[in-house]
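Beneath this line is the structure, given in structure tokens, with notes to follow.
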Amino acid sequence: MKNKIILFLLFLFIFTVSAFASEKSLRLVSGDGQTGITGYPLKNDFTVRAVNADGSPCPGIAVKFLLISPLNEEHKKNAGRVFPEETLTGKDGYARSKLVLGKNASGEINVVAFSEQIPGNVIFRTMTFHKNWLAMMVINLAGGLALLLFGMSFINKALQRAAGQNFRNILTSATSSRIRGVISGFSLTSLNQSSSATMLLVIALVSGGAMSFFQSMSVSLGASIGSTVTGQLVAFRLVNYALLIAAAGFALSFFSGGKRLAKAGDAIFGFGILFLGMKLMSDAMTPLTLNPVFLDIITGIKSPSLAILAGIAVTLIIQSSGALVGIVIAMAASGILTLEQSVCLALGSQIGTCITVVIGAVKMPRNAKRTVIWQIFQQTIAVILIFPFLQWVSFNGEGVWFIFVKRFTESLFFTQDIGRQIAMSHTLSAVLNMIILLPLLKYLQKAVFLFYPFRNSEITFGTVYINIKNPEPDINKALELSKLEIQRLGGFVSDMLGNSLKALKTRNIDIPESISNRGLKTDILYREIVPYIAKTGQNKLSREQSEKEIRLLYVLSNLDEISDIVDRNLMHTARKKIRSFSRFSQEGLEDITKIHGVVCENMSKVLNAFSSDDKALASEVAAAKASVRGLVSQLRQKHIARLHANLQESIETSGIHMDVLDQYNRINSMVCDIGAIISGEV
């Protein structure tokens with residue numbers, strides 16, 4: 001009895017396994033989710049596989065492929081045709097069919113694969129593009145590019161509003177060494193997403209004498225590395241979250257109570273718009289992956305030289321290497337471009353991006369133009385360094401550079417994603433260029449001077465009467481030389497104050513910018529004069545010498561503070577007025593002109609008193625504090641009367657008007673304090 005039960009269970013098990021093994025299924029292999037262009041066959045076949053339950057292939061199974069949508073028969077005829085409509089699976093169990101789209105096909109077209117011998121079916125979904133796809137693609141590309149460039153501009157402006165002066169301060173203070181210069185160039189470009197914007201600021205500083213050409217060389221190398229950050233962000237597929245990033249940035253800006261946080265929100269919003277533009281461009285280029293004519297043209301670009309030239313040409317048009325690299329990554333991810341073509345296009349973009357800097361330096365002095373020459377020179381060297389390893393130096397028929405990029409990317413990010421490889425190639429070329437050129441900057445500077453000779457008139461701005469590295473041993477003479485240097489600084493401050501009214505009157509944003517650049521000169525002098533006086537004070541001073549040292553430092557500090565008020569406050573107000581298209585009323589402008597004239601007159605008097613040690617004149621200026629304060633009070637009352645009279649121009653500029661009066665009053669108080677210290681009243 002026991003043996004019979006065992007035999008029965010064994011028979012049941014064999015029967016069950018046999019029955020299960022006899023079950024067959026039809027599985028989808030590839031071809032689903034394709035997009036196509038009317039009149040062309042789809043790029044990939046619809047492929048299914050007939051397999052047994054254990055995964056082994058089922059040869060000789062009849063599989064049919066039929067259009068099932070659109071449902072309307074007339075539209076179904078226009079949709080296209082499937083061939084073959086019926087086929088047998090091969091030895092490997094695969095069955096294939098191709099869909100040729102009709103000239104009038106539109107919308108979604110679905111195809112079903114089934115077999116009467118196997119239960120179930122497989123549905124392939126496809127999407128077609130209209131016959132006018134080319135025009136639509138151009139429109140979407142143009143719109144996406146516009147959003148991308150707008151996003152970059154928006155980021156740059158948001159950061160300038162948040163820390164515009166700080167950008168200049170970072171560049172002038174963080175370039176004391178070559179490494180710090182690279183870091184400052186990289187940091188600023190990573191933030192504003194534009195190496196051109198960073199280099200235009202550098203050119204302005206070199207032009208104004210606030211930065212030497214040698215300092216600008218290391219900043220340029222850092223900016224080149226910073227410009228590759230855009231490609232890295234695109235490779236992280238942040239484009240898929242473009243709307244989320246834009247929404248987060250807008251929410252932070254809209255609901256934030258603090259100005260700086262709001263500006264940070266604006267910058268994040270700009271990144272979202274930038275990525276949205278890239279996504280639109282990527283989506284717009286999808287039809288190209290199916291166009292045989294375009295694919296033949298792209299396939300024909302095999303020469304690295306030709307691809308690099310194409311990269312230069314395109315970047316000259318769109319004026320953004322980051323934008324081109326983003327486009328290239330999107331095209332490579334869609335299968336349009338190979339890694340080799342993409343890397344060469346990105347290399348070309350490094351040279352092409354110099355066009356914006358070239359245009360911006362047309363009217364600049366020689367030293368600024370030399371900075372442009374260096375920018376083009378170092379970007380060209382970066383391409384030359386990589387070029388031999390693209391094709392000439394190869395291993396198993398593949399350029400060594402591509403092998404290096406693939407292995408480096410896989411080791412660092414554990415991926416073989418082509419977008420990441422392109423981004424890493426772009427970054428690595430800039431980093432490699434920096435590593436090679438940074439130690440050679442002094443020699444390369446001489447090479448640039450040979451190409452564009454140095455003239456004696458090109459003197460980097462700095463102190464004239466004192467030298468911190470070689471201080472005057474005679475204390476009295478050292479203090480007198482310091483005084484001469486402070487008088488020189490006072491001249492720049494007086495010039496800034498005198499031109500501040502022009503900035504408040506104008507609608508030209510370049511005027512307040514030029515005054516801010518003059519403020520950099522006072523900062524440079526201040527940073528050199530203070531340690532010089534301090535070093536002199538380390539000696540044993542007489543009482544008279546000690547009092548003179550304190551007097552000089554007090555005057556210097558007040559002049560520097562006046563410079564900062566003009567630069568950071570009055571020029572900020574001037575920019576705000578220009579951007580809001582506001583204008584003062586005629587009477588309001590006359591009042592501002594009046595207080596400006598009084599303050600400038602007191603500034604002129606106190607500088608004369610300082611240079612000539614005229615205590616009587618200094619005392620006269622010191623006594624003017626109360627009268628100017630009274631004048632400001634009168635002008636405020638006049639402005640309030642205009643507000644009560646509903647004068648529209650006064651209403652629109654009320655905040656600006658009051659702020660200007662306050663700033664001139666602050667400046668005058670400091671001028672009067674200088675008079676008091678010179679006269680000995682303090």
Side-chain angles (χ1 to χ4, degrees), residues 170-171 174-191 195-196 198-199 202 211-233 235 304 308 311 321-322 325 339 342-344 346-354 357 370-395 399-413 420-448 451:
I170 289 171
L171 283 177
T175 53
S176 55
S177 69
R178 284 176 285 188
I179 297 295
R180 294 181 70 181
V182 170
I183 293 171
S184 63
F186 169 77
S187 301
L188 290 187
T189 307
S190 299
L191 287 172
S195 60
S196 297
T198 300
M199 290 311 300
V202 168
M211 180 185 290
S212 68
F213 166 64
F214 184 76
Q215 288 174 317
S216 74
M217 294 175 77
S218 59
V219 176
S220 174
L221 292 172
S224 298
I225 300 173
S227 67
T228 68
V229 170
T230 304
Q232 294 289 353
L233 294 175
I308 290 171
S321 61
V325 172
L339 175 64
S342 302
V343 167
C344 293
L347 285 172
S349 73
Q350 294 178 217
I351 300 175
T353 193
C354 297
V357 183
R370 196 174 285 114
T371 303
V372 178
I373 293 171
W374 164 247
Q375 175 74 351
I376 299 172
F377 184 55
Q378 65 100 350
Q379 295 284 30
T380 304
I381 291 176
V383 176
I384 293 173
L385 288 173
I386 304 298
F387 188 81
F389 302 96
L390 297 176
Q391 190 175 34
W392 298 341
V393 182
S394 60
F395 181 76
V400 170
W401 177 254
F402 302 114
I403 297 173
F404 168 66
V405 167
K406 288 177 181 178
R407 291 184 179 177
F408 187 92
T409 305
E410 188 171 1
S411 300
L412 189 63
F413 293 100
R420 177 60 58 197
Q421 291 171 347
I422 296 166
M424 284 310 304
S425 172
H426 195 41
T427 300
L428 287 170
S429 64
V431 172
L432 179 65
N433 190 48
M434 182 273 294
I435 292 172
I436 293 174
L437 299 187
L438 195 63
L440 306 174
L441 285 188
K442 286 189 177 181
Y443 304 103
L444 293 169
Q445 181 189 33
K446 293 179 181 179
V448 175
F451 181 79

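Just so it is clear, the structure is predicted and the values come from calculations on it, not from any experiment.
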*So, do Phe404 and Phe389 sit near enough that their side-chain heavy atoms are less than 4.5 Å apart?*
no
*Shortest non-hydrogen separation from Gly185 to Thr198 and the atoms involved*: O-CG2, 4.4 Å
_Given 3.5 Å as the limit, does a donor-acceptor pair link the side chain of Ser425 with the main chain of Ile422, or not?_
no
*Could you tell me whether the side chain of Ser411 and the main chain of Arg407 form a donor-acceptor pair under 3.5 Å?*
yes
_Within the 6.0 Å centroid threshold, strictly below: Trp401 and Phe387_ = no
_Greater than 12 external heavy atoms within 6.0 Å of Phe451's CZ_ = no
*What's the shortest heavy-atom distance between Ser190 and Val229, and which atoms?*
OG-CG2, 3.5 Å
*Show your working on side chain to side chain contact (heavy atoms under 4.5 Å, CB included) between Val343 and Val405 and close with a plain yes or no.*
CA-CA 10 Å; Val343 167; Val405 167; 5.7 Å; no
*What's the spacing between Thr380 OG1 and Leu347 CG if we round to 0.5 Å?*
11.5 Å
*State the OG-CZ distance between Ser218 and Arg180, to the nearest 0.5 angstrom.*
11.0 Å
*Between OG1 on residue Thr230 and CD on residue Gln232, distance to nearest 0.5 Å*: 10.0 Å
*Which distance, rounded to the nearest 0.5 Å, do you find between the CG of Leu437 and the CG of Leu221?*
6.0 Å
_Is any side-chain heavy atom of Lys406 closer than 4.5 Å to one of Leu339?_
yes
*Quick one: pull up CZ in Phe186 and OG in Ser227 and give me the separation to the nearest 0.5 Å.*
10.0 Å
*Do Trp374 and Gln445 come within less than 4.5 Å of each other through their side chains, counting heavy atoms only?*
no
*Please confirm whether the backbone N or O of Ala423 pairs with a side-chain atom of Thr427, one donor and one acceptor, at under 3.5 Å?*
yes
*Examine distances only and state if a side-chain atom of Ser224 and a backbone atom of Ser220 form a donor-acceptor pair shorter than 3.5 Å.*
yes
*Which heavy-atom pair separates Pro304 from Leu390 by the least distance, and what is that distance?*
CB-CD1, 4.1 Å
*Does any N or O in the side chain of Thr353 come within less than 3.5 Å of the main-chain N or O of Ser349, such that one atom is a donor and the other an acceptor?*
no
*Looking only at heavy atoms, what is the nearest atom pair of Ile435 and Pro439, with distance?*
O-CD, 3.2 Å
_Set out, in order, the CA-CA distance, both residues' side-chain angles and the distance that settles side chain to side chain contact (heavy atoms under 4.5 Å, CB included) for Gln421 and Phe402, then state yes or no._
CA-CA 9 Å; Gln421 291 171 347; Phe402 302 114; over 6 Å; no
*Is there a donor-acceptor pair closer than 3.5 Å between any side-chain N or O of Thr228 and the backbone N or O of Ile225?*
yes
*Spell out, as yes or no, whether a donor-acceptor pair under 3.5 Å connects the side chain of Ser429 to the backbone of His426.*
yes
*Look only at the side chain of Arg178 and the backbone of Leu438, and say whether a donor-acceptor pair between them is shorter than 3.5 Å.*
yes
*side chain to side chain contact (heavy atoms under 4.5 Å, CB included) between Asn433 and Gln350, worked out*: CA-CA 12 Å; Asn433 190 48; Gln350 294 178 217; over 6 Å; no
*Which atom of Phe213 lies closest to which atom of Arg370, heavy atoms considered*: CE1-O, 3.4 Å
*Less than 4.5 Å apart, any side-chain heavy atom of Ile386 and any of Leu428?*
no
*If you round to the nearest 0.5 Å, how far is CD of Gln215 from CG of Leu441?*
12.0 Å
